[in-house]
Peer 1: 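Here you go, one structure.
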Amino acid sequence: SPVIITVGNKKALQQPIYVKDIACSIVNVLAHDGTIGRCYNIAGAHALTFIEIIDIIARKLNKNIYKINLPVGPIVRILRFIESLNIIPKIKAEQIERLNEDKVFDYSAASADFGYNPTSFDEGIVVELKELGLLSIQY
């Protein structure tokens with residue numbers, strides 16, 4: 001769609017993680033004795049806003065995207081009302097609220113203990129778009 005509707009805070013940060021980074025982290029944790037009994041944050045390489053994520057994807061697809069931002073309060077109230085009627089909307093109020101919270105994590109312990117080095121969103125999304133057939137593979 002050439003129009004994307006966003007809700008609420010355009011400044012909330014998140015760190016999308018490339019799925020192969022998760023898989024490699026599991027393997028690497030199991031391969032290092034020093035990681036036994038420890039917990040690690042793993043996250044994407046850089047914190048991005050939802051708007052930045054949309055812009056990166058649109059740029060990679062060479063698409064012009066128009067973003068319409070709606071206020072979070074009324075949308076959450078409407079969704080909670082719908083949920084109170086035992087109707088399950090495609091997007092829940094809690095998901096909208098979570099999208100408007102910062103989700104930034106320090107993964108330096110994972111880097112130090114088992115060499116965690118996350119793929120940037122920019123790089124990972126290119127691989128995913130190619131696998132979906134949305135970008136031509138360049139050799």
Side-chain angles (χ1 to χ4, degrees):
S1 171
V3 177
I4 301 283
I5 296 174
T6 62
V7 179
N9 181 355
K10 294 191 265 182
K11 296 180 182 178
L13 295 172
Q14 44 195 300
Q15 282 178 274
I17 184 169
Y18 186 50
V19 67
K20 289 181 182 173
D21 289 342
I22 297 170
C24 287
S25 293
I26 293 167
V27 170
N28 288 334
V29 163
L30 294 172
H32 289 80
D33 291 338
T35 61
I36 295 172
R38 303 223 25 223
C39 294
Y40 294 95
N41 287 326
I42 56 171
H46 308 289
L48 302 166
T49 66
F50 191 57
I51 298 298
E52 289 171 323
I53 291 168
I54 292 168
D55 289 342
I56 290 168
I57 295 169
R59 194 169 45 253
K60 297 297 178 190
L61 292 172
N62 199 26
K63 302 275 184 182
N64 290 322
I65 301 292
Y66 302 97
K67 296 172 286 283
I68 299 171
N69 188 261
L70 303 176
V72 70
I75 300 301
V76 166
R77 285 191 292 280
I78 290 167
L79 290 171
R80 287 206 193 286
F81 174 73
I82 291 169
E83 291 167 12
S84 75
L85 300 173
N86 290 324
I87 298 170
I88 301 172
K90 288 185 179 184
I91 298 175
K92 296 180 180 181
E94 179 185 9
Q95 290 172 302
I96 297 295
E97 290 172 325
R98 292 272 301 138
L99 192 59
N100 284 279
E101 297 173 356
D102 279 340
K103 291 176 278 305
V104 178
F105 301 93
D106 176 12
Y107 55 82
S108 59
S111 295
D113 289 0
F114 59 89
Y116 180 68
N117 184 23
T119 305
S120 72
F121 181 79
D122 204 278
E123 295 168 324
I125 200 63
V126 166
V127 173
E128 290 300 310
L129 291 171
K130 285 179 180 177
E131 287 181 7
L132 290 169
L134 298 172
L135 282 181
S136 12
I137 298 174
Q138 299 174 5
Y139 297 98

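In what follows, residues are counted from 1 in the order of the sequence shown. Small disclaimer: the values here were computed from a predicted structure and weren't measured.
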Peer 1: side-chain contact (heavy atoms from CB on, under 4.5 Å) with K63: which residues, sequence neighbours excluded?
Peer 2: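 side-chain contact (heavy atoms from CB on, under 4.5 Å) check on K63 returns L61, I65.
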Peer 1: Does any N or O in the side chain of D102 come within less than 3.5 Å of the main-chain N or O of V104, such that one atom is a donor and the other an acceptor?
Peer 2: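 The answer is no, because no donor-acceptor pair under 3.5 Å joins these two groups.
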Peer 1: Among all residues two or more places apart in sequence or in another chain, which pass the side chain to side chain donor-acceptor pair (under 3.5 Å) test with N64?
Peer 2: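 Partners of N64 under the side chain to side chain donor-acceptor pair (under 3.5 Å) test: none.
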Peer 1: Can you hop from L70 to I91 via hydrophobic side chains spaced under 4.5 Å?
Peer 2: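 The answer is yes; both residues are in one hydrophobic cluster.
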Peer 1: Cut-off 3.5 Å, no hydrogens considered: what does the side-chain donor-acceptor table look like for residues 3-13, sequence neighbours left out?
Peer 2:
unit_1 : atom_1 : unit_2 : atom_2 : d
T6     : OG1    : N69    : ND2    : 2.8
N9     : OD1    : K11    : N      : 2.5
N9     : OD1    : A12    : N      : 3.3

Peer 1: Are L132 and L135 grouped together when hydrophobic residues (ILVMFWY) are joined by side-chain heavy atoms under 4.5 angstrom apart?
Peer 2: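 Same cluster: L132 reaches L135 through Ile, Leu, Val, Met, Phe, Trp or Tyr contacts under 4.5 Å.
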Peer 1: Sequence neighbours excluded, which residues qualify as salt bridge (charged side-chain N to carboxylate O under 4.0 Å, His left out) partners of K67?
Peer 2: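 Here the qualifying residues are D55.
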Peer 1: Check for me, please, whether L48 and I125 land in the same ILVMFWY cluster - side-chain distances under 4.5 Å, paths through other members count.
Peer 2: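 Same cluster.
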Peer 1: What's the separation between atom CD in Q14 and atom CG in N100, rounded to the nearest 0.5 Å?
Peer 2: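 One gets 9.5 Å once the value is rounded to the nearest 0.5 Å.
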Peer 1: Can you name the residues that form a ring-ring contact (aromatic ring centres under 6.0 Å, His included) with F121, not counting sequence neighbours?
Peer 2: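 Testing F121 for ring-ring contact (aromatic ring centres under 6.0 Å, His included), a comparison that skips the adjacent residues, returns none.
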Peer 1: So, using side-chain contact (heavy atoms from CB on, under 4.5 Å) as the criterion, who are the partners of D122 when residues are at least two apart?
Peer 2: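 Per chain and number, D122 pairs via side-chain contact (heavy atoms from CB on, under 4.5 Å) with I56, R59, K60, S120.
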Peer 1: Among all residues two or more places apart in sequence or in another chain, which pass the ring-ring contact (aromatic ring centres under 6.0 Å, His included) test with F114?
Peer 2: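 Testing F114 for ring-ring contact (aromatic ring centres under 6.0 Å, His included), a comparison that skips the adjacent residues, returns Y40.
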Peer 1: Determine, using the 4.5 Å side-chain heavy-atom cutoff (strictly less than), whether L99 and V76 are members of one ILVMFWY cluster.
Peer 2: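 No, L99 does not connect to V76 through the hydrophobic network.
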Peer 1: Quick one: side-chain contact (heavy atoms from CB on, under 4.5 Å) partners of P2, sequence neighbours excluded?
Peer 2: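 Here no residue qualifies.
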Peer 1: Do Q95 and R98 have side chains that get closer than 4.5 Å, going by heavy atoms?
Peer 2: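 With C-beta onward as the side chain, the pair stays apart.
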Peer 1: Only counting residues at least two apart or in another chain, list the ones meeting salt bridge (charged side-chain N to carboxylate O under 4.0 Å, His left out) with K103.
Peer 2: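 Scan of K103 (salt bridge (charged side-chain N to carboxylate O under 4.0 Å, His left out), adjacent residues dropped) gives none.
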Peer 1: Please report the closest heavy-atom contact between T119 and G124, naming both atoms and the distance.
Peer 2: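 Closest heavy-atom pair between T119 and G124: CG2-N, 3.6 Å.
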Peer 1: Y116 versus D21: any side-chain heavy-atom pair under 4.5 Å?
Peer 2: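 Y116 vs D21: side chains touch.
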Peer 1: Once you round to the nearest 0.5 Å, how far does CZ of R38 lie from CD1 of I36?
Peer 2: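 Reported to 0.5 Å precision, the distance equals 12.0 Å.
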Peer 1: Output the distance between atom CD1 (I75) and atom CD1 (I78), rounded to the nearest 0.5 Å.
Peer 2: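 Answer rounded to 0.5 Å: 5.0 Å.
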Peer 1: Who passes salt bridge (charged side-chain N to carboxylate O under 4.0 Å, His left out) against E83, sequence neighbours left out?
Peer 2: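 For E83, no residue satisfies salt bridge (charged side-chain N to carboxylate O under 4.0 Å, His left out) once neighbours in sequence are set aside.
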Peer 1: Does V127 sit in a hydrophobic cluster with other residues, and if so which ones, taking ILVMFWY side chains as linked at heavy-atom separations under 4.5 Å, directly or through other members?
Peer 2: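 Under the 4.5 Å side-chain rule, V127 groups with Y18.
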Peer 1: For L85, check side-chain contact (heavy atoms from CB on, under 4.5 Å) against everything at least two apart and list the hits.
Peer 2: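 Residues passing side-chain contact (heavy atoms from CB on, under 4.5 Å) with L85: F81, I87.
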Peer 1: What distance do S84 atom OG and N86 atom CG have between them, rounded to the nearest 0.5 Å?
Peer 2: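 Going from OG on S84 over to CG on N86, the span is 8.0 Å.
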Peer 1: Side-chain heavy atoms under 4.5 angstrom apart, residues restricted to Ile, Leu, Val, Met, Phe, Trp, Tyr: same cluster for Y107 and L30?
Peer 2: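 Y107 clusters together with L30.
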Peer 1: Could you tell me which non-hydrogen atom of Q15 sits nearest to which non-hydrogen atom of A47, and how far apart they are?
Peer 2: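 For Q15 versus A47, the nearest heavy atoms are CG-CA, 3.6 Å.
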